[in-house]
Amino acid sequence: MKTFLKVFKFEFLNLVVNKVFIGLTIAILLLSALLLFYPRYSSGLDTSSISSVIGGSNKKVIAVIDETGHLGEYLLENLSNEKTSLLDEKTDAKKIVEDGDYDIAVVIKSETEYDYIVNDMGLYDSTDSEISDLLLYHYQQSRLGELGLTNDDIDSVIAVQINADYIITGKNQVNNFLYTYILMFILYLAIIVYGQMIAQNVATEKSSRAMELLITSADPKQLIFGKVLGTGSAGLAQMSLILIWSVACFSVNRSAWKDNEIISSIFDMPASLVIYTIIFFLLGFLIYAFLYGALGSLASKMEDIGTLTMPLTFIMMISFMVPIFFMSSGNVDSPVMKLLSYIPFSSPLAMFVRIAMSSVAGYEIIISIAILLISVIALGHLAVLIYRVGVLMYGKPPKFNEILKIIKKD
């Protein structure tokens, strides 16, 4: 136990006093403060402008070219974009867009037909939908007017709205998507970064021959557990500091962000989800960290790290990309996601997504966490066996079947 504590302390302090680690942490804290304190140092801030940029609805410079002779003025008066100009019908619409004079050119060909010319169609561009709605309204008003209805009657018919009250008994995936994605990305990044760091630390000690002295004077289990838990604790401390700081900054400026649904939704996530974030981060990190540490012990030089850890990194990437795909499709409870929720390598992300974006039975969560706990113990034991053999092997990295043979003989 004494050796474990020494290794744990060494790995923890070695990371938290590292200049790169400190610099990165400070940079993230400053960036968070700059964003969340923006209303304090920016006079007349319209916080909705930030969500506009995120949502892609920032204002474009629009040219309207009217071939009908009467619809151009109508669009000019009713389009919400104030950067709209009515040009002569002989204007070359394609050329003014290609030359960069205008972002969008709208050529009105008839009451029900127009050309929409743009260089790059934005993912969230809604200008075409607004123009279509305005032309449809004008067309309906004209045709109903021909039937003898008054303008008031026409407006009362067209302006009818269908009202719906949403009663959500489970999770609102639209509101939960952003903070689920952010937390998921943080989990993925932390596991990859700190896992690679453990592998590099082990390989560095081995290449300097320091490991030979350590392995003969200390229990391999205490060494690898000390390294994994020491590095993991430093990572958890960094993440906790960033999250607490961000929450504090948002709390000070909560009133300024009350109209911004994007920012508010991130900080209004349920407390239970924060707890699950910590649980799945710790278990997911341990699963991969033990294996990264074991693989690092097989490397005779730093150049071998990439080759040895590539399969594990690839598994982690797949475990990240597949839930992202099902999140985007809105099908987080598909059979594939349910299966991934019980596979140790993918469950820290897959089950986390299901908990955040759907209603998952309590027993499913318990089973997933239990499988992770058992896997952590099993992989920790396997990592110790590989580590004990690997740190004394030099030369070309051994193949997987060679490692198994040595472990069986040990």
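Everything numeric here is computed off the predicted structure, so don't read it as measured data. Position 1 is the first residue of the sequence, and the numbers go up from there.
Here Ile186 contributes atom CD1 and Ile242 contributes atom CD1; the two are 7.5 Å apart, rounded to the nearest 0.5 Å. Here the OG1 atom belonging to Thr84 is positioned 5.0 Å from the CG atom belonging to Leu79, to the nearest 0.5 angstrom. Taking NZ of Lys9 as the reference point, atom OG of Ser233 lies at 14.0 Å (rounded to 0.5 Å). If you take CG on Leu273 and OG1 on Thr180, they are separated by 6.0 Å, rounding to the nearest 0.5 Å. Note that CD of Gln196 is 8.5 Å distant from CG of Leu312, once rounded to the nearest 0.5 Å. A distance of 10.0 Å separates OH of Tyr137 from OG of Ser142, quoted to the nearest 0.5 Å.
Taking both residues in full, the closest heavy atoms of Ser132 and Tyr114 are given as OG-OH, 2.7 Å, listed atom of the first, atom of the second, then distance. Pairing each heavy atom of Ile131 with each of Tyr116, the nearest pair is CD1-CE1, 4.2 Å. Of all heavy-atom pairs between Ser375 and Ile287, the closest is CB-CD1, 3.5 Å. Closest approach of Ala294 to Ile224, counting heavy atoms only: N-CD1, 4.2 Å. Contact record, Ile198 with Gly293: CG2-CA, 3.7 Å, taken as the closest heavy-atom pair. The shortest non-hydrogen separation linking Ala350 to Met337 is O-CE, 3.7 Å.
Within the 4.5 Å cutoff, side-chain heavy atoms of Met327 are placed close to those of Met184. Side-chain contact between Phe345 and Met316: absent, with no pair of heavy atoms (C-beta onward) separated by less than 4.5 Å. Counting only heavy atoms from C-beta outward, the side chains of Ile96 and Leu87 approach each other to under 4.5 Å. Contact annotation: the side chain of Ser334 approaches that of Asn331 to within less than 4.5 Å [non-hydrogen atoms, C-beta and beyond]. Side chains of Leu135 and Tyr139 form no contact here, defined as non-hydrogen atoms less than 4.5 Å apart. Side-chain contact check for Tyr292 versus Thr313: some heavy-atom pair is nearer than 4.5 Å. Side-chain contact between Asp103 and Val118 is absent, with no heavy atoms from C-beta onward closer than 4.5 Å. By the 4.5 Å heavy-atom criterion applied to side chains, Ile117 and Ile104 are not counted as neighbours.
The closest donor-acceptor contact from the side chain of Asn119 to the backbone of Val97 lies under 3.5 Å. Within the 3.5 Å criterion, the main-chain N or O of Phe10 finds no donor-acceptor partner in the side chain of Asn14. With Ser110 contributing its side chain and Glu113 its backbone, the two residues share a donor-acceptor pair below 3.5 Å. Panel note: side chain Ser156, backbone Asp153; a donor-acceptor pair is recorded below 3.5 Å.
The aromatic rings of Phe352 and Phe280 sit perpendicular to each other, their planes meeting at more than 60°, with 30° as the lower class boundary. The aromatic rings of Phe285 and Phe281 sit parallel to each other, their planes meeting at less than 30°, with 60° as the upper class boundary.
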(request) Show your reasoning for whether side-chain contact (heavy atoms from CB on, under 4.5 Å) applies to His381 and Ile377. (result) CA-CA 6 Å; His381 180 68; Ile377 295 171; 5.8 Å; no
(request) Would you check, one step at a time, whether the test side-chain contact (heavy atoms from CB on, under 4.5 Å) holds for Met197 with Lys227? (result) CA-CA 10 Å; Met197 195 174 296; Lys227 288 180 177 297; over 6 Å; no
(request) Take Ile279 and Leu283 through the side-chain contact (heavy atoms from CB on, under 4.5 Å) test and state the conclusion after the steps. (result) CA-CA 6 Å; Ile279 292 173; Leu283 295 177; 4.0 Å; yes
(message) If you apply the rule side-chain contact (heavy atoms from CB on, under 4.5 Å), what do you find for Phe185 with Phe320, and how did you get there?
(response) CA-CA 8 Å; Phe185 183 75; Phe320 174 73; 3.8 Å; yes
(message) Run the salt bridge (charged side-chain N to carboxylate O under 4.0 Å, His left out) test on Lys6 and Glu11 for me, step by step, so that the C-alpha distance in whole Å, both residues' side-chain angles and the decisive distance to 0.1 Å come before the verdict.
(response) CA-CA 9 Å; Lys6 285 183 178 179; Glu11 294 294 335; over 6 Å; no
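For the side chain to side chain contact (heavy atoms under 4.5 Å, CB included) with Leu236, the lone residue among Leu241, Thr231, Leu282 that qualifies is Leu282.
A salt bridge links Asp115 to Lys109: one of the charged nitrogens lies within less than 4.0 Å of a carboxylate oxygen. Of the charged side-chain nitrogens involved, none lies within less than 4.0 Å of a carboxylate oxygen, so that Glu364 and Lys338 do not count as a salt-bridged pair.
Of the N and O atoms on the side chains of Glu130 and Ser80, at least one donor lies less than 3.5 Å from an acceptor on the other residue. Using modelled atom types, one finds a donor on one side chain and an acceptor on the other under 3.5 Å when comparing Ser246 with Ser32. Side chain to side chain, Tyr188 and Ser319 fail the donor-acceptor criterion of an N or O pair below 3.5 Å. Judged purely by distance below 3.5 Å, without hydrogens or angles, the side chains of Thr68 and Asp66 pair a donor atom with an acceptor atom.
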